[in-house]
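Counting convention: from 1, in listed order, for ligands and their atoms alike. The first residue in the sequence is number 1, and the count goes up from there.
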Amino acid sequence: MKFNTKTIHGGQHHDPSTGAVMPPIYQTSTFVQKSPGQPIGDYEYSRASNPTRTALENALASIENGTRALAFSSGLAATDCILRSFKAGDEVIAMDDLYGGTYRMFTRIYKDSGIRFHFVDMNDLQKFKSLINEYTKLVWVETPTNPLMKLADIQEISKITKAHNILFAVDNTFATPYLQRPLDLGADIVMHSATKYLSGHSDVIAGALIVKEESLGEQLHFQQFATGATLGPMDSFLVLRGIKTLHLRMQRHCENGEKIADYLNQHPKIKTVYYPGLTSHPFHEIAKKQMTGFGGMVSFTFVSGRKEESIIFLEKLKVFTLAESLGGVESLANHPALMTHASIPEDKRKEIGITDDLVRLSVGIEDIEDLITDLEQALSS
Ligand SMILES: *Cc1c(COP(=O)(O)O)cnc(C)c1O
């Protein structure tokens with residue numbers, strides 16, 4: 001099956017008991033047993049597994065070309081599940097530009113448990129290699145990153161992690177499997193905030209892990225089952241419904257994203273536009289190599305460099321909604337330093353380039369003329 005067909009049919013079956021074409025929302029915590037320890041079907045208790053969640057997990061495994069997927073109650077719960085396997089003394093090497101909540105978990109939850117974290121520019125492969133030692137257990141990469149749209153070369157990094165027998169996880173939230181499939185490029189684990197593009201309608205919080213290797217899948221499932229951050233049946237249904245239009249939505253997100261990046265790039269009030277589709281973007285070549293399009297996330301700064309200008313701009317937007325999150329059908333605008341990335345200390349933010357005038361747009365699938373008119377009026381103050 002090709003990708004667009006997989007988003008609709010991948011891993012899906014008609015419901016065996018009723019013939020329902022779409023998987024029912026199995027809103028039940030438990031399942032009947034005919035004799036102690038002998039359930040009548042494949043299910044016992046919904047923390048371990050639930051048929052609606054299984055339907056979603058099969059779809060996720062299919063679209064990421066994995067063998068096993070796990071659906072979590074949030075993206076951060078999925079990340080947490082990976083980190084729980086490590087112990088004091090273990091080391092993690094992570095990219096130096098990460099979703100704020102991921103950074104907060106690494107530095108405020110797990111650092112205290114004795115796991116050592118290194119944050120490095122993953123495009124400096126020499127520096128990355130120099131950090132590897134016998135305690136290195138995990139390499140964590142987000143590509144493209146939130147909010148600066150930095151990229152990391154998944155294939156090159158996987159050659160190094162494979163040679164050293166280190167787990168390699170990629171946060172694929174921004175690209176989605178429509179644009180990039182990390183497992184095919186050599187990663188061991190794909191992580192998603194399914195809250196974003198996968199569900200696509202800003203109506204659910206969900207996360208996912210997808211792997212190729214079955215024993216790793218089994219190990220992660222045990223962690224998830226034993227700690228409990230699973231996705232409920234209703235939310236599983238919503239994410240699965242979202243996935244069925246992923247390819248259509250992503251196509252439009254990419255078209256609109258490219259047009260808005262071009263528009264902002266020629267605007268006299270805009271200084272830098274961060275969008276991997278622009279030939280001026282420092283990671284454009286990597287983007288062309290490992291992605292099949294450039295997505296709908298666009299960040300930019302102002303010539304004036306003034307925080308006040310970015311705030312006034314955001315207050316004046318009418319079609320774009322000022323809100324955290326991304327990846328929904330509707331266009332959103334965000335001020336990383338004051339909103340999504342406020343949990344990163346100021347000096348650290350400055351160091352990686354999250355300036356006080358940086359604005360991040362999640363370009364939706366509305367008519368492009370309305371989006372550009374909206375940006376135009378908000379910029380012309
Ligand atoms: C939102 C997000 C997360 C966290 O996911 P939640 O579903 O909010 O827990 C992780 N990584 C990226 C890139 C995100 O955008």
Side-chain angles (χ1 to χ4, degrees), residues 56 60 64 69-84 92 94-110 119 122 138 140-152 154 169-180 182 187 189-210 224 227-232 235-236 238-239 242-243 246 250 253 257 274 276 291 295-299 323-328 332-336 339-344 352 354 358 360-364:
L56 167 63
L60 289 165
E64 282 285 7
L70 299 167
F72 291 83
S73 53
S74 71
L76 286 182
T79 303
D80 180 59
C81 179
I82 301 174
L83 287 165
R84 277 174 188 276
V92 175
M95 190 137 161
D96 62 356
D97 185 23
L98 295 178
Y99 173 70
T102 307
Y103 182 82
R104 180 176 53 208
M105 185 191 298
F106 288 1
T107 55
R108 300 205 12 218
I109 305 291
Y110 280 99
F119 296 95
M122 281 291 173
L138 174 72
W140 184 274
V141 161
E142 195 178 308
T143 181
T145 63
N146 180 3
L148 292 169
M149 311 303 291
K150 288 190 196 168
L151 270 69
I154 298 173
V170 175
D171 181 337
N172 203 30
T173 301
F174 268 37
T176 83
Y178 177 78
L179 298 177
Q180 161 177 292
I189 306 175
V190 167
M191 174 263 161
H192 273 282
S193 170
T195 311
K196 317 292 168 54
Y197 287 106
L198 292 185
S199 70
H201 295 75
S202 303
D203 52 10
V204 61
I205 298 282
L209 297 179
I210 303 106
Q224 184 195 35
T227 54
T230 56
L231 193 64
D235 289 346
S236 296
L238 285 173
V239 178
I243 287 174
L246 178 67
M250 287 309 291
H253 281 299
Y274 300 93
M291 299 169 73
M297 298 302 299
V298 183
S299 299
E324 296 197 4
S325 199
L326 60 107
L332 298 179
N334 163 53
H335 191 288
M339 296 165 66
T340 46
H341 291 65
S343 58
I344 300 178
I352 54 185
I354 303 178
L358 182 76
R360 187 192 77 187
L361 301 177
S362 170
V363 179

For ligand 1, output the ligand-protein N/O contacts shorter than 3.5 angstrom; if there are none, return none.
from: ligand 1; atom 1: 5 (O); to: Ser193; atom 2: OG; distance (Å): 3.0
from: ligand 1; atom 1: 7 (O); to: Gly75; atom 2: N; distance (Å): 2.9
from: ligand 1; atom 1: 7 (O); to: Ser193; atom 2: OG; distance (Å): 2.8
from: ligand 1; atom 1: 7 (O); to: Thr195; atom 2: OG1; distance (Å): 2.7
from: ligand 1; atom 1: 9 (O); to: Gly75; atom 2: N; distance (Å): 3.0
from: ligand 1; atom 1: 9 (O); to: Leu76; atom 2: N; distance (Å): 2.9
from: ligand 1; atom 1: 11 (N); to: Asp171; atom 2: OD2; distance (Å): 2.7
from: ligand 1; atom 1: 15 (O); to: Lys196; atom 2: NZ; distance (Å): 2.7

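Within the 4.5 Å cutoff, no side-chain heavy atoms of Val190 are placed close to those of Leu60. No side-chain heavy atom of Pro147 sits less than 4.5 Å from a side-chain heavy atom of Thr340.
A donor-acceptor pair is defined here as one N or O able to donate and one able to accept, closer than 3.5 Å; such a pair exists between the side chain of Ser362 and the backbone of Gly327.
Taking the six-membered ring for Trp and thresholds of 30 and 60 degrees, Tyr99 and His341 have ring planes more than 60 degrees apart, a perpendicular arrangement.
Residues forming a side chain to side chain contact (heavy atoms under 4.5 Å, CB included) with Asp171 (at least two apart in sequence, or on another chain): Trp140, Glu142, Thr173, Met191.
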TODO: Give the C-alpha distance, both sets of side-chain angles, the deciding distance and a yes or no for side-chain contact (heavy atoms from CB on, under 4.5 Å) between Ile210 and Asn172.
DONE: CA-CA 10 Å; Ile210 303 106; Asn172 203 30; over 6 Å; no

